[in-house]
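Have a look at the structure below before the remarks.
Worth knowing before you read on, the calculation uses all heavy atoms, side chains too, and leaves out hydrogens, waters and symmetry mates.
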Amino acid sequence: MEIIHILVYNMLPLIGIAALGYWLDSMFPIDVKSLTKLTFYIILPSFIFRSIFLMPFDTGMMVLFAAGALLFLLHSLFATGIAKLRGYDSGMREAFRVGTMFSNCGNVGVSMITLIYSNPPFIKGPEAPYHDAAMAAITVLLILMNVSVNTIGLYLAGKGRMTARDAMLMVLHMPTLYVIFGVVFCKWLALPVDTWFVWPMLSMAAKSLPFIAMVTLGIQLHRTTLTWFNPDVWLAIFTRLILGPLFALAIIYAYGRFDPLTSQVFLIFSAVPSAVNSVMFAVDFDNYPGYATQVVMLGFVMSCFTLTTVIYLARFLFPIPMW
């Protein structure tokens, strides 16, 4: 019954929104590039600014940031070993590494955490006591993911096809970096941004992230032809969805001092499917774009089952006190 509850309240809403995007693209000519630009340049920066501004800075969040970086490292080392065993060329090796290191945290991860901790059993009457703390934790991991995928991920995807200077110029064009510096500066000066006229604008844009992101993913699903029998695709999906949570559990138990809520969020974060950005990078650099698309899309489909299981395990292994 618990697994069915998770599937109904946490997974089906995301699938339903993605299905709307799939249907919309089948009925009308959608300009997905404009939708993506809207997300990257307005909605996601607004979400990150608002979340960081409301997030208290403490050592626990820095430890979580380090745990996320360690998870990336474990994925990278494992991907390198698999590439050697499978005899991948350099392009395929980096495509596999990007597909397993970086997750779709901005789409699936944030949406999932929002749904989980604003629905039963984590609500008390009209209130959601754990929601803000859970969002603070996923925001730390989202910042790490967003910065990493747009720097390290970008470099890996274009490795051998761009210089270090070109890679740095690409990084400097990412608005998220400037948003992070800006909000830290505002907090340092104790500026009351939440009382300014721009705050409602930021809040409305930030709250639209889960919906817009999942609609965009549904559109991309409609434009992708899936094949089910590529062993290298399934190896990447297995690494991302199954080994990822095992790596996260090892980190959680090795550290031993995460609170139950942080442990839950980190474990769920580790089971999120591959980043959509990896497809865009692969297309831009012509580095196995078909393979990258297969990993992202089939991984999203399979995560409906694996992520549901990981959410259940997170509640079972790290129970949160209830009222």
Side-chain angles (χ1 to χ4, degrees), residues 1-18 43-44 46-58 60-61 64-65 68 103-146 183 187 193-195 199-215 248 252 258-272 303-304 307-323:
M1 292 300 296
E2 184 76 8
I3 291 178
I4 292 174
H5 183 276
I6 294 168
L7 184 63
V8 170
Y9 284 94
N10 302 149
M11 294 301 298
L12 287 184
L14 295 184
I15 297 171
I17 297 173
I43 296 175
L44 184 59
S46 298
F47 173 83
I48 291 177
F49 187 98
R50 183 178 184 275
S51 300
I52 296 178
F53 187 84
L54 295 175
M55 180 182 69
F57 286 101
D58 56 47
M61 291 303 174
L64 183 59
F65 191 93
S103 71
N104 207 356
C105 186
N107 293 19
V108 179
V110 171
S111 304
M112 186 60 58
I113 295 300
T114 301
L115 285 169
I116 291 171
Y117 296 100
S118 58
N119 283 290
F122 296 105
I123 60 175
K124 184 180 182 182
E127 299 179 353
Y130 294 112
H131 177 266
D132 289 346
M135 291 306 297
I138 196 62
T139 299
V140 170
L141 296 169
L142 174 62
I143 293 168
L144 172 64
M145 180 64 66
N146 196 270
V183 68
K187 287 180 73 69
V193 180
D194 55 341
T195 64
W199 188 254
M201 298 166 54
L202 289 172
S203 298
M204 286 187 285
K207 292 176 181 178
S208 69
L209 175 62
F211 185 84
I212 295 296
M214 293 309 298
V215 167
I252 292 169
F258 284 129
D259 62 82
L261 179 61
T262 301
S263 297
Q264 284 191 9
V265 172
F266 186 60
L267 185 58
I268 294 168
F269 164 78
S270 71
V272 172
S303 71
C304 295
L307 191 51
T308 299
T309 304
V310 169
I311 293 169
Y312 173 77
L313 288 176
R315 294 181 184 178
F316 175 77
L317 294 174
F318 309 107
I320 296 176
M322 294 296 179
W323 30 88

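- Using a 4.5 Å heavy-atom cutoff, the side chains of Ile138 and Cys105 are in contact.
- Qualifying side-chain hydrogen bond (donor to acceptor under 3.5 Å, both in side chains) partners for Thr262, counting only residues two or more places apart in sequence or in other chains: Asp259.
- Here the shortest heavy-atom pairing between Ala314 and Ile268 reads CB-CG1, 4.3 Å.
- Between Pro13 and Leu115 the shortest heavy-atom distance is CB-CD1, 4.0 Å.
- Between Val193 and Val183, the closest side-chain pair of non-hydrogen atoms is not below 4.5 Å.
- In this structure, CZ in Phe269 is found 6.0 Å from CG in Leu144, a value given to the nearest 0.5 Å.
- The aromatic rings of Phe122 and Tyr117 sit tilted, their planes meeting at an angle between 30° and 60°.
- Scanning both residues, Ser118 and His131, for their nearest heavy atoms gives CB-CD2, 4.1 Å.
- From Ile311, atom CD1 reaches atom OG1 of Thr308 across 5.5 Å, with rounding to the nearest 0.5 Å.
- Once rounded to the nearest 0.5 Å, the distance linking CH2 of Trp199 with OG of Ser46 reads 10.0 Å.
- Between Val265 and Ala137, the shortest heavy-atom contact is CG1-CB, 3.9 Å.
- The two residues Ala205 and Ser208 have their closest heavy-atom pair at O-OG, 2.6 Å.
- From Leu261, atom CG reaches atom CD1 of Ile320 across 4.5 Å, with rounding to the nearest 0.5 Å.
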Item to complete: Assess whether side-chain contact (heavy atoms from CB on, under 4.5 Å) is satisfied between Met135 and Leu54, documenting all intermediate values.
Response: CA-CA 10 Å; Met135 291 306 297; Leu54 295 175; over 6 Å; no

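- Between atom CD1 of residue Ile252 and atom CG of residue Leu267 there is a gap of 5.0 Å, rounded to the nearest 0.5 Å.
- Side chains of Val108 and Leu307 form a contact here, defined as non-hydrogen atoms less than 4.5 Å apart.
- Put simply, CD on Gln264 and CD1 on Ile113 are 8.5 Å apart, with the number rounded to the nearest 0.5 Å.
- Taking every heavy atom of both residues into account, Ala128 and Ile123 meet most closely at CB-CG2, 4.2 Å.
- Contact of the Arg315 side chain with the Ile116 side chain is registered, since non-hydrogen atoms from C-beta on lie closer than 4.5 Å.
- Under the side chain to side chain contact (heavy atoms under 4.5 Å, CB included) criterion, Thr139 pairs with Phe47, Ser51, Ile52, Ile143, sequence neighbours left out.
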